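Below: one structure, written as C-alpha cells.
None of these values were measured; they are calculated from a predicted model.
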Amino acid sequence: MPLGEIGWLRGGACRSSDPELFFPLAPSADQEARAKAVCATCQVLTECRSYALTAGESDGIWGGLTPEERRRSRFPSGWRSPAAS
C-alpha cells in the first residue's frame, strides 16, 4: 500500500508500543484493555479504524477495535435478509 495512503500511521499512539500488545499470540481481556487504552489517546484513531475496516484486517487491535468488533461493525446482526419470495 502506498505510504500516502497510510501516512497517518506516523501519528499513531501505538508507534512507541510493543507490537505484541496489539497483535498478541494469546489474546486476553487484560491485554485487550491495555491496547484499547492506548488507542483511546490516539490522534489518528478514526483513520486507523477506517483503514482496518476497509482493508478487512483480520488480526490485532486496530482503531480500538478487536477483530470480532470489526466483523460486527462491517456485518451487523441482521445484515443478511431473507431472499424475497
Side-chain angles (χ1 to χ4, degrees):
M1 176 168 282
L3 183 58
E5 292 181 35
I6 56 171
W8 53 265
L9 281 170
R10 287 177 273 186
C14 61
R15 72 185 177 279
S16 61
S17 299
D18 181 355
E20 177 74 17
L21 179 62
F22 299 92
F23 297 93
L25 295 176
S28 70
D30 178 59
Q31 165 274 325
E32 182 180 300
R34 289 184 295 126
K36 287 182 172 192
V38 172
C39 292
T41 68
C42 189
Q43 295 179 359
V44 295
L45 177 109
T46 302
E47 293 88 340
C48 182
R49 183 174 292 176
S50 178
Y51 163 77
L53 291 169
T54 302
E57 287 290 346
S58 60
D59 297 310
I61 305 282
W62 287 85
L65 299 176
T66 64
E68 180 59 32
E69 290 167 335
R70 288 194 301 278
R71 276 190 290 280
R72 284 195 310 259
S73 178
R74 291 178 67 212
F75 305 107
S77 64
W79 74 276
R80 283 189 175 179
S81 56
S85 321

Practice prompt. Please work out whether the ring planes of Trp8 and Tyr51 are parallel, tilted or perpendicular, with thresholds of 30° and 60°.
Written response: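 Ring orientation, 0 to 90° scale: tilted.
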Nearest heavy-atom neighbours spanning [X] and [Y]:
X     : Y     : result
Phe22 : Ala35 : CE2-O, 3.6 Å
Pro67 : Ser58 : CB-O, 3.5 Å
Gly64 : Cys39 : N-SG, 3.4 Å
Gly11 : Cys42 : O-SG, 4.3 Å
Ala13 : Ser17 : O-OG, 4.0 Å
Arg70 : Leu65 : NH1-O, 2.7 Å

Item to complete: Using atom types as modelled and distance alone, determine if a side-chain donor or acceptor of Glu47 lies under 3.5 Å from a backbone N or O of Gly12.
Response: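 No; zero donor-acceptor contacts below 3.5 Å.
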Find out whether [X] and [Y] are in side-chain contact, i.e. whether some heavy atom of one side chain is under 4.5 Å from a heavy atom of the other.
X     : Y     : result
Thr66 : Lys36 : yes
Val38 : Arg34 : no
Glu32 : Ile61 : yes

Item to complete: Flag yes if Phe23 and Val44 sit in one hydrophobic cluster, no otherwise; membership is Ile, Leu, Val, Met, Phe, Trp, Tyr, and two members link when side-chain heavy atoms are under 4.5 Å apart.
Response: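 Yes, same cluster.
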Practice prompt. State yes or no: do Leu9 and Leu21 share one hydrophobic cluster built from I, L, V, M, F, W and Y residues joined by side-chain heavy-atom distances below 4.5 Å, directly or via other members?
Written response: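 Yes: a chain of side-chain contacts under 4.5 Å links Leu9 to Leu21.
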